[in-house]
Structures are given as C-alpha cells and as structure tokens.
Amino acid sequence: MMSVTEQLRVIEEHVVDLLPHDELKKKLERSVATNTPLRVKLGLDPSRPDIHIGHAVVLNKLRQFQDLGHTVVLIIGDFTAMIGDPTGKSKTRPALTLEETRENGRTYVDQAAKILDMTRTEVVHNSKWLDAMSFKDVIALSAKYTVAQLLERDDFTKRYRGGEPISVHEFLYPLSQAYDSVAIRSDIELGGTDQKFNLLVGREIMRSFGMEPQCILTMPILEGTDGVEKMSKSLGNYIGLTDSPRDMFGKSMSIPDTLMPRYFQYACSVSAEEVRAFQEGLVAGTIHPRNAKVDIAKRIVARYHGQQAADDAFAEFERVFVKKDIPDEMPTYTAATAHEPLVDLLVQQQLAKSKTEARTLIKQGSVQLDGTKVVDLDHVVDCSQERVLRVGKLRFLRILPA
RNA sequence: GGGCAGAUACUCAAGUGGCCAACGAGGGCAGACUGUAAAUCUGCUGGCAUCGCCUUCAGAGGUUCGAAUCCUCUUCUGCCCA
C-alpha cells in the first residue's frame, strides 16, 4: 500500500472539494496502520440507465481509490427511484417499479464496469434498509435535521424564494441518502459538486448515529456538448459510454472550443502536467485548435473502444465532414416498390417527423440523392437500383432495390 | 378553513372578444461559411394539403355571428390570513 502522502496526492488530483482534509488524512493513516481498506461510497440514480462521460469523471476517481487498495461501495438507489424525482427539475418523472429500477441498476453497473475494478466493488440496493424502515423510524430520522438546514441547499433556496413548489418528500431525499452512509458505514462519499449539500448532510446524520462522519469529495460537473448545460441524457447533450465510436468522435468534435480544456482534463485521463501543457499550447498558439479537438475526440474514443476504433473514427470523420463524402456504414432500407414518393420515404424511414417537416427539408436543400440536391417536393425516388439518401449532414440511408 | 393571484406550443414568456397556429427569447432542425457536428450569419420550427382546410392556449360546460381572451364548475400551483 502506498504511503499516506502519496495516496493523498493521487486522491486530490482534479478534485473540487475534499472535506475535511485532515479527517481523511487520519482515516488513511489508520487504514495503512491496520491494513484495512477505506469504504468509498457512490450513490447511483437508476431512473436513467445510460451513463455518460460526465458520470465517468466520478467513476475515474473511484477507480483511483481502488488502485490504491480501497473498496468501492456502489449504492443503487432503487428505493428512492421508486418514489420519484428528487431534484424537482423534471416535475413529473414517472415513478418506476422495483423491477425496472433493478434492471436499470444492472445496466448501470455493467457500464460502470468499463471503468471500475469490479473485484474491489460492492454493489448494494438501498431498498434493503430503507424499505425496512417504519414510519416511526422515518420520523426519528427527520428529527435529526431542521427545515432551516435543509433550506440551505441552493436549489431549495432558489425555489422557495421563487415561489416554486417544494414537496415534503423532497426534503427526505437528502436524509435518506445520508442514511445510506450510515447503513454502509461509509468512510468517504464521492459525487458531483451538485451533491455537496447531500454529502454534507451525511456527515451530520452519521454523527448523530454515533458514527465517525464520512469525508466528502466532489468532482466537477462536466458540461454537455452544448457547452452550457450540464451533461445529461434528457438534454441530449451527452456522450454515452456505449455510444458508437463514430458518434463519440463526432459528438466530441461538436463541443465549443472554450470547453476543450475541461474535456481534456476531465474526460481524457491525463495528468495535471499534461493539462498544463495542453492549455499553454492553446494559449501560445503552438497547438492548432482543430488538432486539439481531434486529440480530445481520439482520446475519448480510445478510452472506451480502443486505439484502433479511435483512428478509424477519425478517418471516417475526415471523409464525411471534411471531404463531404459518404460514410462506410449507414442504415439500409429495402424498397417495397420500384418507385416511392420522396416525402413519404423520408417520414417512413424516420428521417423526418412529419410530411410537413420533410417538405421543409426538401425546400431548404437539405435532401440529397446520390450526392445531388433534390428540390422537387413531388419527387418520386427510382428504387430500381441502389441509391444513397442524405438528409442534412448526419443522416444517411442506403436504399436497396426491392 | 378564509382571501388573493396564476395555469399559453420542447422551455421561458407575450397576447384580455375577431387582424391568432398565436409576439419575443432559448432550445431543436436546416442552409451558407469554416479548422470541426466549433464560432458567426440566415431560414424553418402543430398537422394535412399546390388557394385552403383540420387540431391546439390546464379540463368540462356556457355566453356570442365569432373566444386563448367573458361566465360557471373542476383539477393543479403560489402568496397572505387562520
């Protein structure tokens, strides 16, 4: 096992908050002295099963803990997901059944396994202890915290001031998450910076249960490919861990230039020195912005699909977007008849949502057949031979004769 | 329990009897340009259809030649008083 000083150096890299620092040091010292790994907690929300490179920022940090010999405890929030939404952002997130949350939890863990060492990972469901609590237990738990303390949370404050509704059960989420820490005897809990409040509640609750409080560690919330909102599936600005190499590469290339340092630092598994060199190169102009972005895109693809896939994705990108050629692979459609009206074809193959949209696309000159723009709204496609239909920059369809 | 205010398209937000498929902003999509699916500029953004028609402004009724706009009830939300 590494020395405490060395461990701290690794742990601190790229983090936003690490509180309280000296408590963690003590825990590490004890861990080394007694040869006992720390229990490192991460809670997962299984209401959305797909994880993206934003989640990966925290998962990478967990992996570092594992490489230092510590134990990761993944808590699948199946109980909390059954009840509904904690953030209040989406007002009517549907409550899931226990089975759905279990299923989502499984796929989540499968994806997390791309990053974590599963031999050093415990996976638990919080329904195990939360479902077992009686109403009396819940009241006893909620007596340990005050409304004023809960209202300190940023989004509660904002909503309260803004006259937006806050349901009582939303107050219970931080408490239930805190209780998770009690249940698994957490030494340190990780999360995004948006979780800071919830993580700190965990400390208070653990203390009131007579336990040594956990330390907390937060990682930055990675912005999505739009460069503004945080990365999330529902906003459609995410790069999924299971995205194809082509999509991963293309999405990476679509980030704003200003975001490149962030992505380089948090999505590319690089050292602090590399980050510094990268930023200096950009500022000094010795690194061309486009090459910098290609570098980032390649690293991200290589991280999840391997170097070969990264090189292929780059070559494909060059061909399709720089040379305006057509991609290697695209969806195919076998024509039902020899002649099909273009508008119907677009809708039927989901290249347009409605006929009106299909007509708009044609009018705007976005539709190409074998590289030639089609502007006739009533165009009938001759499907007696193989054709390539293109809509916009991204959507392709190979049409095969009947 | 009482009083007041509000509910508009993906989001925010105008619109208070006809000129409203509904201003504007964001988002999304597309075009031009480019170093890129970046930035910038421009267009489109309910559906069907080559005039035009159909379905929308929380829900259900009603008034009217005509309503997102007026009335009644219902549902939901916020604020104040208790």
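Keep in mind it's a predicted model, so treat the numbers as computed, not measured. Residue numbers begin at 1 in each chain, while the letters A, B, ... track the order of the sequences.
Figure legend: Lys293(A) and Phe264(A) shown without cation-pi pairing, the cationic atom not lying both under 6.0 angstrom from the six-membered ring centre and within 45 degrees of its axis.
Distance, Phe321(A) CZ to C33(B) C1': 16 Å, rounded to whole Å. Nucleotide U36(B) holds its C1' atom 9 Å from the CD atom of Glu318(A), rounded to whole Å. Atoms CZ (Phe396(A)) and P (A37(B)) sit 11 Å apart, rounded to a whole Å. Rounding to whole angstrom units, CZ of residue Phe314(A) and P of A37(B) are separated by 13 Å. Between Asn237(A) atom CG and G28(B) atom P there is a gap of 9 Å when expressed in whole angstrom units. As a whole-Å value, the separation of Asn291(A) CG from G35(B) P is 12 Å. Atom NZ of Lys353(A) and atom P of G47(B) are 9 Å apart (whole Å). With rounding to whole Å, Leu282(A) atom CG is found 18 Å from A38(B) atom P.
Comparing the same atom, C1', in C4(B) and in G18(B) gives a spacing of 32 Å after rounding to whole Å. Annotation: C23(B) and G66(B) have their C1' atoms spaced 23 Å apart (nearest Å). Taking atom C1' on both nucleotides, U16(B) is separated from G6(B) by 14 Å, rounded to a whole Å. Comparing the same atom, P, in A25(B) and in A13(B) gives a spacing of 16 Å after rounding to whole Å. For U64(B) and C53(B), the C1' atoms lie 24 Å apart once the distance is rounded to whole Å. For the C1' atoms, the distance from A68(B) to A9(B) is 12 Å, rounded to whole Å. Using P as the reference atom, C73(B) and A5(B) are 14 Å apart when rounded to the nearest Å. Spacing of P atoms, G15(B) relative to G1(B), comes out at 34 Å, to the nearest Å.
For the OP1/OP2 pair of C48(B) and a distance below 4.0 Å, the side-chain nitrogens and oxygens of Arg359(A) include no atom meeting the criterion. Note on Thr356(A): a side-chain N or O is less than 4.0 Å away from OP1 or OP2 of C48(B).
Around NZ of Lys144(A), the count of heavy atoms belonging to other residues, nucleotides or ligands within 6.0 Å exceeds 12. Atom CD of Glu329(A) has 12 or fewer heavy atoms from other residues, nucleotides or ligands within 6.0 Å.
Minimum atom distance to the side chain of Thr360(A) is reached by C44(B), of the listed G47(B), U36(B), C44(B). The side chain of Ser354(A) lies closest to G47(B), out of G47(B), G35(B), C79(B). The side chain of Lys393(A) has A37(B) as its nearest neighbour among C29(B), A32(B), A37(B). For Ser366(A), taking side-chain heavy atoms from C-beta onward, the closest of the listed nucleotides A37(B), A30(B), G35(B) is A30(B). Closest to the side chain of Arg290(A), out of G35(B), A49(B), G43(B), is G35(B). Taking the side chain of His288(A) as heavy atoms from C-beta on, and the options C44(B), U36(B), G35(B), the nearest nucleotide is G35(B).
Counting any heavy atom pair closer than 4.0 Å across all strands shown, Gly392(A) reaches sugar-phosphate atoms only and no base atom. Base engagement by Pro289(A) is indicated by at least one non-hydrogen atom pair under 4.0 Å involving a base atom. Here Arg246(A) lies in heavy-atom contact (under 4.0 Å) with a base. Within 4.0 Å (heavy atoms only), Lys373(A) reaches sugar-phosphate atoms of the nucleic acid but no base atom. In this structure, Ile255(A) reaches the sugar-phosphate backbone alone: every heavy-atom distance under 4.0 Å involves primed, P, OP1 or OP2 atoms, never a base.
In this structure, Phe171(A) and Phe156(A) have side chains that are in contact, with non-hydrogen atoms separated by less than 4.5 Å. Taking 4.5 Å as the limit, some side-chain heavy atom of Arg39(A) sits within range of a side-chain heavy atom of Glu122(A).
Counting only distance, with no hydrogens or angles, the side chain of Arg398(A) and the backbone of Met330(A) share no donor-acceptor pair below 3.5 Å.
For the residue pair Gln7(A)/His70(A), the side-chain donor-acceptor check at 3.5 Å is satisfied. No side-chain donor-acceptor contact under 3.5 Å links Asn237(A) and Thr225(A).
With both pairing distances under 3.5 Å, G6(B) is matched to C76(B) as a Watson-Crick or G-U wobble pair. With a 3.5 Å ceiling on both atom-pair distances, C57(B) lacks any Watson-Crick or G-U wobble partner. Shown here, C23(B) forms no base pair; nothing in the strands shown gives a Watson-Crick or G-U wobble contact with both key distances under 3.5 Å. Checking G66(B) for Watson-Crick or G-U wobble geometry (two distances, each under 3.5 Å) identifies no partner in any strand. Base-pair partner of A82(B): not found among the strands shown (Watson-Crick or G-U wobble, both distances under 3.5 Å).
For G43(B), its base sits under 3.5 Å from the side chain of Gln364(A) at one donor and acceptor pair at least. One donor-acceptor pair, N or O on each side, does fall under 3.5 Å between the base of G35(B) and the side chain of Asp257(A).
With the nearest nucleotide of RNA chain B identified for both Thr258(A) and Val343(A), Thr258(A) has the one nearer the 5' end. When the nearest nucleotides of RNA chain B are assigned to Lys363(A) and Lys293(A) by heavy-atom distance, the more 5′-ward of the two goes with Lys293(A).
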